[in-house]
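Computed from a prediction, not measured in an experiment: that's the story for all the values here. Sequence lines set the chain letters: A, B, ... in the order given, protein chains first and strands last, and positions in each chain run from 1.
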Protein chains: 4
Amino acid sequence: MNGFERRRELKKQHILQAAMELFSELGIQKVSIADIARKAQVSQVTIYNYFESKHNLIHDVFIYYVDQASNQFEGIVHSDQPFPEKVKMIIFNKKQVSSNIHPEFYQYLMKEYTEEGNYIEKIYIEKALPYFIQLFDEGKKKGYVDQNLSNEAIIFYIQMLKDYVQREDVYEKILPLTEDITNIFFYGVMGKK
Amino acid sequence: MNGFERRRELKKQHILQAAMELFSELGIQKVSIADIARKAQVSQVTIYNYFESKHNLIHDVFIYYVDQASNQFEGIVHSDQPFPEKVKMIIFNKKQVSSNIHPEFYQYLMKEYTEEGNYIEKIYIEKALPYFIQLFDEGKKKGYVDQNLSNEAIIFYIQMLKDYVQREDVYEKILPLTEDITNIFFYGVMGKK
Amino acid sequence: MNGFERRRELKKQHILQAAMELFSELGIQKVSIADIARKAQVSQVTIYNYFESKHNLIHDVFIYYVDQASNQFEGIVHSDQPFPEKVKMIIFNKKQVSSNIHPEFYQYLMKEYTEEGNYIEKIYIEKALPYFIQLFDEGKKKGYVDQNLSNEAIIFYIQMLKDYVQREDVYEKILPLTEDITNIFFYGVMGKK
Amino acid sequence: MNGFERRRELKKQHILQAAMELFSELGIQKVSIADIARKAQVSQVTIYNYFESKHNLIHDVFIYYVDQASNQFEGIVHSDQPFPEKVKMIIFNKKQVSSNIHPEFYQYLMKEYTEEGNYIEKIYIEKALPYFIQLFDEGKKKGYVDQNLSNEAIIFYIQMLKDYVQREDVYEKILPLTEDITNIFFYGVMGKK
DNA sequence: AATGAATGAGGGTTCATTCAT
DNA sequence: GATGAATGAACCCTCATTCAT
């Protein structure tokens, strides 16, 4: 990658970052291209030169998102903390780019794309899923996780928790419940016996 | 309530119902007043006569929603099925008007209103919450639920599950996991011992 | 048609008239909805309320056009002037709404519509063509027109002439040639013998 | 002309050719500079370096066009076919670059330029007209054309026919009428006596 | 000389809301 | 009270053109 391409790539990421932040804060539909252009300090047309349409931009933001997420995720999975600590971090570490897809992205993309939908899902599975599985295989081996539970069900739970915890409207209310929520996750509403 | 008022009230509910259905199907932002007017077979202005603004309409749809939900909810709580069955019904019974707020409603209202937010929350707490608490008190008494867990945490979990299960994009993938998900809810990822 | 509908119809025609004039003067592509709205003294959205899209508007202008044209045309055909005079009028009477389609309309519609294209052509044939045929049957009977010539060929000639004569860029240059052009039409470049 | 200039001239013609083809296919307004740049495989700015504006480019395409046309035209006029055959070729030979201006060019230029208009017309007259006149003088001498007809009127007819025949939307419908149309051109609607 | 990047201006279209009847 | 008609503001997108390298 030469200097030209590198600069182009940087600017692209700059725009993607701006878009991602605005999308996260306000939702996709409320953010206009003009908003993104303003935040990224480029003209609207520049965005079109890079991404061709709002649709494509959203698509690329999604990939950017998954990419960043899986990197951070990998860090946690490969760290040498005890298993429960890893799980807690994944669920509650708000600053981290969420490793699972923000639901609005996913929903939007699935509704609008249909065909590309499969491709997007593929990307997601390839990038993010393996770390989930690796993590819970570890959990099962170490006795923290019931061996009979399907990975799908566990991942569903983690994703769900992560999504919710990261939503601005619930985050604050949940903080004091951290311990209880972790407990429910590990021991269920029935509790340890 | 005389005949006039009754008719007015009916028409209002008619509009609310139409709006609710469209919001549920397409999300709030994608539904225009014109769409609602078409579906409810009234003129746009009639909607304004009743609700004054789209904002207010959404507000009222929300209340309508919570109202319907809490009624159905009450039915389940007061029925004479065993506790775990009640929980399962609440989480997985898709046809039922969701007893917790559809997240987009909640998010939208919280972001837009701020001030009224508190009022809306109050409504929600008054209407829907008591049944939750009643239900889990029953669960705790009958030994299905750990007495040390806070109601807030349990309710958070239930809401979260219900939300996710009801989302079109995940519903189908989750169906085969029903058993596992219920198990995790009751016994955690660690499983029964 | 009650008062409401009549007024609506009038306004529609008002917009159509404005659009037609602008299209004739500047071509279709150069005329923006804003231009038409300004000329018709309505808001842009009003135009959308009536016609739904620029595309549809053009379509309707076309029909409006053909309609007006065939009326005027009928007048000439049924008048009691001698045959050559009628032909001359049709070709050279510029003020008359051209009875054949302005080529840009036709081309635009054919390119964009494809499917509706057939419908449009049908309209045209139903409305305008019969008068052409009637006229030239008269011409053949009275000995002004060679009986062996196909109506298609004659109509093609007339249309072509009319189109050209009405084009702003050639009109003035042609005026002094009126006599010659008429002669060629009747007697060919070879001339009367 | 040295090597530099020659190369420059070649590139210019390359661009002109690309532009001409696109204009012919899609009309002037629908073709963007970006389209032309893509087709000619140069950057947009290169086009501006050579032609300064889209306006100028159109102008130069026009001249390029007339130039090519008059060359082909000369070939026909100076060939040794019988006169009627030459005329037929000019009118119906679609592949040949039209020797008369494509109407959209002419109209566009006339409307936009006004001042330069005269210059363009001059170019056209200088290049293309003499061959027309030469051809019809031949026709008059050989008895195919009425001596009393003005050249202007004849040329008007030829141009008009050529234009129409070359339009995609009418070409196919006209093919079966070739004979009739040629007859009308030579003998008029009245027919040979 | 040639290019990739960038942009202001404008076009078609939609929407929540108001006006007039 | 209810409606059809009308609108200003905003949105996505395109284009001819210029800037910077």
Write down the distance between [atom1] ([X]) and [atom2] ([N]), rounded to a whole number of angstrom.
| X | N | atom1 | atom2 | result |
| --- | --- | --- | --- | --- |
| C:R38 | F:dT7 | CZ | P | 14 Å |
| A:F51 | E:dA6 | CZ | P | 11 Å |
| C:Q44 | E:dC15 | CD | P | 16 Å |
| C:I47 | F:dG8 | CD1 | P | 13 Å |
| C:E52 | E:dT14 | CD | C1' | 12 Å |

Original post:
Using purine N1 to pyrimidine N3 plus N6-O4 or O6-N4 for Watson-Crick, or N1-O2 and O6-N3 for G-U wobble, each under 3.5 Å, what pairs with E:dA20?
Top reply: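 In the structure as shown, E:dA20 has F:dT3 as its Watson-Crick or wobble partner.
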Original post:
Does E:dG8 pair with anything, Watson-Crick or G-U wobble, both distances under 3.5 Å, and if so, with which nucleotide?
Top reply: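 The answer is F:dC15, by the H-bond criterion.
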Applying a 4.0 Å non-hydrogen cut-off, can you work out what [X] is touching in the nucleic acid: base, sugar-phosphate, or nothing?
| X | answer |
| --- | --- |
| C:T46 | base |
| B:K11 | sugar-phosphate |
| B:Y50 | sugar-phosphate |

Subject >> 5' precedence on DNA chain E between C:D35 and C:V45 (nearest-nucleotide basis) >> reply: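 It is C:D35, whose closest nucleotide lies nearer the 5' terminus.
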Original post:
B:K54 and B:I28: which non-hydrogen atoms are nearest, and at how many Å?
Top reply: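 It is NZ-O, 3.6 Å.
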Subject >> Donor-acceptor pair (no angle test) under 3.5 Å: C:N49 side chain, F:dA6 base >> reply: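 Counting by modelled atom types and ignoring angles, a donor-acceptor contact under 3.5 Å is found here.
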Subject >> Per B:I33 side chain, nearest of listed nucleotides E:dA16, F:dT17, E:dT3 >> reply: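 Output: E:dA16.
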Original post:
If you find the nucleotide of DNA chain F closest to A:A34 and the one closest to B:S43, which residue's nucleotide is nearer the 5' end?
Top reply: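 Of the two residues, B:S43 wins.
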